[in-house]
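Everything below concerns the one structure shown next.
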Amino acid sequence: MDKYTYPLFFEAKGLSDNDIQDIWRYFQKGEDSGGGECGIPAEVEGNTYKICFKDKEVQERVLLRKFHAISISGGKQYLTVSQTSLPPQTLNQSSTSQSQTPTKVITKHLEKTFNIDIFLLYYLRDKPKALKILQKQLSYIGCTVELKFEDENVVVRGDSQSQPGECPAEKQEQQLDQIFSRFNENYLCYHVFEPKQIKMLLQDSSLKIDDIKVYNENGYAVVVGEVHAVKEKIADLENIQYTKKELPIVEKHYRLIEEEFNREMCTNYPDVKVVRGSATITLEGSDTEVQSGAAKLDELIKNIKEKRVKFPTALLTFIKTSGAISKYQARFQQSLRNPVFFEVGSDLVLSSLSSDALNEAEAAVMRELKVATVQLQGAAAVPPDLDRVKEILMKAKKEANISELRVDVSFMPGVTGTTTTKVRLVGYSEDVNKLNEVLHGFQKNEVDIQEVLNLPHPELVDCFDKVLDLIGMKQTKVTLKASHVPHPCVLVMGPRSLVQKVQADLAKSLAQLSTDTVVLNGPAVQLYFQEEGRKNKEVLERSCQVIIREQQEVYSQSTASVLDLYPEPLYINVLTLSNPDRLESNTASSTPNTTAVNKTNLEIKLSTLEEEQVNVVVAPMVSKKLTSTKVGKCLLKKAGNPLQKVFDLIARRWTLSAGNVMVVDAPPALSCSKIFFIECLPWDGVDGLSMQTLANGLKRCLELCVKEGWRSVAFPIIGPGVILKYPQKEAIQVLTDSIHQFGLSGSCGSLHNINVVIKPDYQDSEECYQEVYRQLSLKMKQRGQVTFKSLKSDLADITMKVGGVVELQLVFGDIVNETTDAVVNSTNFTNFQGGVCRKILTMAGPQVEAELRNAKVKKGDILKTPPGGFPCKAILHVCGEKNVSLIEKQLFCIIQLCESSGYKSVALPAICAGSAGLDPNHVAYAILQGVKTAASFRPLQCLTNIRLVLNKLNVFLAFKKRAMQMFPSTCLTCFNTDLSALCTTHQRSVFLFLGLGKKSVHDAMKKVKDLYQDHSSTNKITKEELADLTQDEIKDLQKLVETQGLHVQQDQSGDGGLVVSGLKDGVTELIQMLHAAARLRREVRDREEENLYSRVAWCILGYDGSWKRLPKTDNYNLEHDIKKEIVDTHGNMWSVDLQKMEARSQLATKTKLKRLENRPDFPLPLYWDNMASGENRKVVALEPSSSEYLKIKAAFTQTVQKNILKIERLQNVHLLQSYEVQKKKFSEKNRQEGGAGERLLYHGTSQDSCDSIIKDGFNRSFSGKHATAFGQGTYFAVNASYSASYATPAADGFQRMIVAQVLTGVYTQGNSSMKVPPPRTNQPDDRYDSLVDQIANPSMFIIFSDNQAYPDYLITFC
């Protein structure tokens, strides 16, 4: 079925499809045409079109228009619509057409009256919307309307236009009739006469927004509006039902809402009848109003507020038993702005609709009811005074409760073992206060009290008994007790009436005391007066009638200049006190302006926590479990089950809290006394709780150490493990910050050492050490204040003296930071990407690397290259082989190469101890031994500094350990050790004097000064006495300075010495320790000198041309290049130049120096040249200008006039050793006859015999070759001329003669038959030593033992 059922017709010519679409869109728009939803116009016949609308109302609105002007493609199209298909008069005039002829229009006036119900007129007046609709409909046909209330009608006026022959007025009237016919059909006036219905209509709030109007007349009402709306409203009115509803309600709720509910019902639902039952409310009336009333009742009940007030049980009991409930119930129902219900259970419960009323009620109860508990102490808490208290209170209670129960009293005994009793007063505040006043009055006059009197100095607390004796305070019933808590004071205890008087008398007596404070600037003042001088001080107190108390020691930084000007102790006089009110302020003003100096030493230890020898070790734990961290497991492994037992025992009693510290006694297996376990949280970020709790724990550990008097504590790096998972940097930061804050506090107490322990085998131990050292170094000073005394480390540089002149240093660091002349690089010459090699080549640059790649090197070779970008003169590349013997040889060659190249310093890594994987201990031995061998083989003149740069902790420690074993302690020092470590800060000791008069106080002060000065002394230590102190000796001195309280400072004269002052015994002990150390060093030095003297001989060429050995001390100094000056055996002083091996006297005379290395079993003669190890024979050509040459030549030429070609010294160790043995034998045998009889004689022979003699010595088996006239032995001539005749010329024509040292001993006349010398006595074994040609003046000597002569020189002549 077609939904568009309401058609209209119009006539138009020549419409296109687009024009029809434009006309359809026009009628679709209600604002233009009055139309609405419609179908597309369709042509029915000729030029007539039909358009159908969905709604009749829309059709009628379109008809109300006189004509419709529509814009189409050809211009404006004017249409007139009708309900029939009869062609109406159509105006089709295009705005663009120029051929239209104007038509005359006829205008007529129209006025018509319509009678309308008066209430409908009222409705149009009161509902503008309805009137506007009517006016709009009339406007479509050009009419207006006027409402006539007096005539009960409306007047419509309008004009009609038509062309000649048309009758538009009739049509207009027709349209008017249609409009008003539809108007009357659409609206309805309905009269209501039932009173209840009229009332309901008038109370209906929905009518205010609906398009319905109710007019109330006398006895009836008229409902006006659109027909369907009025009919619906009338139907609702007629369907209204009356009902009765019973609702349950609690009595207390009804009493709270009754007033408000009744007011609401009377105002809004007056027709509803409300009936109150025992536990119900019944509502009677219309169903709607009854339901609304019930909803209101429910709403009010839900709005009831309840407030629970916590009261003591005793007070609740009083309320229940005293009748207070009914009293407050009646009061709160009447006197408050809203009723409040009052009931008591486990709490006091208040209920009301109003919060303000609840607050008022609560305030009233809290104000008017009260519980007071008074504690009786002393005599009042026990009979008989307690019985008296009860009697008085019971009487007062009876008087208060005459008319009603208003107050109750109960007595409660105190804790068992104490003399206290509590009195509880319960009831109305007014009466409780009265009884409290009665009790207070009793205690005020009869009960003991305690008052506090402040003391001016905390030192007076510990000697308060002496103060009482001094001021003559008599003992009374009042007790006086001095206390430090909460501040220095005296507790005055006893009966109130007596306490006040005693307190006043005591304050007055204290104010009359004279007090002075003296500050002694001197070391060990407190130490003296606490120990040795204690008795002297007590005697002084008694004799002068004063009290002397030592105040806390402080260190001043601001008084250094004063102390320098006045080395004597300074005395500061303080005001004499006369007013007790000024007691504290005057004392405060007298305290010197001082700053605490922390005496704590910091040390970074490369060790394990369980091996630390300290008082306290600190360890982390999680959830009170010993093995929750690796540190705890290591401690347990070391200490065993005893640690677990004591840990579990403490943990059971300890309350778990993050950041707290649990203290456990350490078992004997550990080298500490206590273990402080910190309860830690796993890492939760920089801003998380874990960092804060760890910081709190570390702080508590340090505070505990000070509180308990411990001297040393060791901390690990807590956090960077698999359990806590702290980043290493943050873990180090929180530890070093905690230590820093402790240092800034200045309250180090007895804590002298804080160790930070780093495990050497830890994964990132190098980075960890560097960061810890960096952080602590930065924190050593804060705004110019020294926060710690020193910072030490196991990785401090180590320096050794090797070969006397060479400094060998062990350095923990990176070799690329070195600036030595030469740098050693260990490489395999194929792979340059790893370890130290990569770092060196990165700095050196690609050219050096390319040179290495192209180099052809053999095992053990050293390749020298330019440095490239490395800051040195040359890089020495060695082939790193895993062979410690080769490494030792390479070190020897490296040092010799540096020496020959003129390099003064060289830096070496630990060859093959890194990525190559050799044991660091073996590498350390090889390198140190190689250096030692090279330095002792030949004195190094140029190379003076060898630096072993080690970048791994385990490698450095291995080298350090090996160095301690290989080098004597006198040669081993800490590179950063400084004698300033012995120096201390100025110490100020403060003494408080109290006396009955100024004179006695001043006399005591002077005697204290004299006492200290008599027992103190000052001594100067020279630079020489401090020279060569070892690390251990410096530590011992530091310990002595600390324990004896000595003051050490640099000597202001600038000679490098120290000045030590303190108690005489302490100063003496320090000087004795220095002397003992010096003696020990002297003994060690003497042994070293003696040992060296047997091995090495330094000689100086004397004025007579002979070599003289230097004394032992100078021999040692030259060997170790300790001094540049020597003194020879004649006392002459020489300055030396070892590079030139020359010495120069004070008169500028130059001479030569020589160094000989003796064999272990044989010292070389001084005139010999040095011989290499393993070298037993050597021929040395003498310089013709040397005194030795000239001396031999002069003796030779006295009897031989021939040319000397050369003179050679013959050095044969074995021959000389045999000769010396024979010489010793002769010397002992011929002690009475002149000894060995050593002579320098000549022996001429052939060249072949010379070679044999040089090699194997003289051989008497060859005797008889030339003559045996005086015996069958070896012949030696006194004059060279005789021997020259036996010197057979060689093939070269030269003759050779040996100058020999011959032991002639005791000789006799010889003859040709003698094969051995004849006996000297009757003893057959006692023979002569040699034979001569004539006894009176022998010219030749004959010997019969081969080792009786030594070939000393060989002269070649012609």
Open item on the list: Among T827, D861, N825, which residue satisfies the side chain to side chain donor-acceptor pair (under 3.5 Å) criterion with H877?
Closed with: N825

For residues 891-898, dump all side-chain donor-acceptor pairs below 3.5 Å to protein atoms at least two apart in sequence or in another chain.
none

Open item on the list: To check you understand the geometry: which heavy-atom pair defines the closest contact between S623 and E679, and what is its length?
Closed with: N-OE2, 2.6 Å

TODO: Could you tell me whether a side-chain N or O of S628 sits under 3.5 Å from a main-chain N or O of V622, the two making a donor and an acceptor?
DONE: yes

Task: Under-4.0 Å salt bridge between E771 and R774 - done: yes

Open item on the list: Counting C-beta onward and ignoring hydrogens, is there a side-chain heavy-atom pair between L698 and I678 closer than 4.5 Å?
Closed with: yes

Task: Side chain E603, main chain V756, donor-acceptor under 3.5 Å - done: no

TODO: Would you name the heavy atoms of C672 and V616 that are closest together and state the gap between them?
DONE: CB-N, 4.5 Å

TODO: With the side chain counted from C-beta on, respond yes when K725 and P682 share a heavy-atom pair under 4.5 Å apart, and no when they do not.
DONE: no

Task: Minimum side-chain heavy-atom gap S793-F812 below 4.5 Å - done: no

TODO: Please round to the nearest 0.5 Å and tell me the distance separating atom CG of N854 and atom CD of E849.
DONE: 10.5 Å

Task: Neighbour count >12 (heavy atoms, 6.0 Å) for atom CD, Q613 - done: no

Task: Any donor-acceptor N/O pair, T693 side chain to S690 backbone, under 3.5 Å - done: yes

TODO: Evaluate the side-chain proximity of W1098 to L1092: yes if any heavy-atom separation is below 4.5 Å, no if none is.
DONE: no

Open item on the list: Is the shortest side-chain heavy-atom distance between V806 and T944 below 4.5 Å?
Closed with: no

Open item on the list: What I'd like to find out is whether the side chain of L778 reaches to under 4.5 Å of the side chain of T736, using heavy atoms alone.
Closed with: no

TODO: Measure the CG-OG1 distance between L635 and T608 for me, rounded to the nearest 0.5 Å.
DONE: 9.0 Å

Task: Short side-chain to backbone donor-acceptor contact, T600 and L751, under 3.5 Å - done: yes

Task: Worked verdict on V848 versus F870 for side chain to side chain contact (heavy atoms under 4.5 Å, CB included) - done: CA-CA 10 Å; V848 176; F870 204 103; over 6 Å; no

Task: Nearest heavy-atom neighbours spanning Y726 and M691 - done: OH-N, 4.0 Å

TODO: Could you tell me whether a side-chain N or O of N755 sits under 3.5 Å from a main-chain N or O of V757, the two making a donor and an acceptor?
DONE: no

- [ ] Determine yes or no for a side-chain-to-main-chain donor-acceptor pair under 3.5 angstrom, with S712 supplying the side chain and N615 the backbone.
- [x] yes

- [ ] Output the distance between atom OG (S745) and atom NE2 (H740), rounded to the nearest 0.5 Å.
- [x] 10.5 Å

Open item on the list: Taking side-chain hydrogen bond (donor to acceptor under 3.5 Å, both in side chains) as the cut-off, I'd like each qualifying pair that reaches into residues 898-910, sequence neighbours left out, listed once.
Closed with: K864-S901, K864-Y903

TODO: For T629 and G632, indicate whether the former's side chain and the latter's backbone hold a donor-acceptor pair under 3.5 Å.
DONE: yes

- [ ] Mind checking the NE2-CD1 spacing from H922 to I887? Nearest 0.5 Å is all I need.
- [x] 11.0 Å

- [ ] May I ask you to check whether Q692 and N696 show a side-chain donor-acceptor distance below 3.5 Å?
- [x] yes

Task: Heavy-atom donor-acceptor pair, E766 side chain to L953 backbone, under 3.5 Å - done: yes

Task: Closest non-hydrogen atom pair, I675 against A619 - done: CG2-CB, 4.4 Å

Open item on the list: Test of understanding: with side chain to side chain contact (heavy atoms under 4.5 Å, CB included), list the residues that count as partners of C879, not counting sequence neighbours.
Closed with: F829, E881

Task: Beyond-backbone contact of V931 with L908, side-chain heavy atoms, under 4.5 angstrom - done: no

Task: Taking every non-hydrogen atom, the tightest pair across I732 and Q775 - done: CG2-CG, 4.3 Å

Open item on the list: How long is the straight-line distance from CG of L948 back to CD1 of I815, given to the nearest 0.5 Å?
Closed with: 9.5 Å

Open item on the list: Are M843 and P867 packed together at the side-chain level, in the sense that at least one heavy-atom pair is separated by less than 4.5 angstrom?
Closed with: no

TODO: Mark yes or no for whether R700, through its side chain, and G659, through its backbone, hold a donor-acceptor pair below 3.5 Å.
DONE: yes

Task: CA sep, side-chain torsions, deciding dist, call: F788, L776, side chain to side chain contact (heavy atoms under 4.5 Å, CB included) - done: CA-CA 10 Å; F788 294 101; L776 292 179; 6.0 Å; no

TODO: Heavy atoms only: give me the nearest P620-I718 pair and the separation to one decimal.
DONE: CB-CG2, 3.6 Å

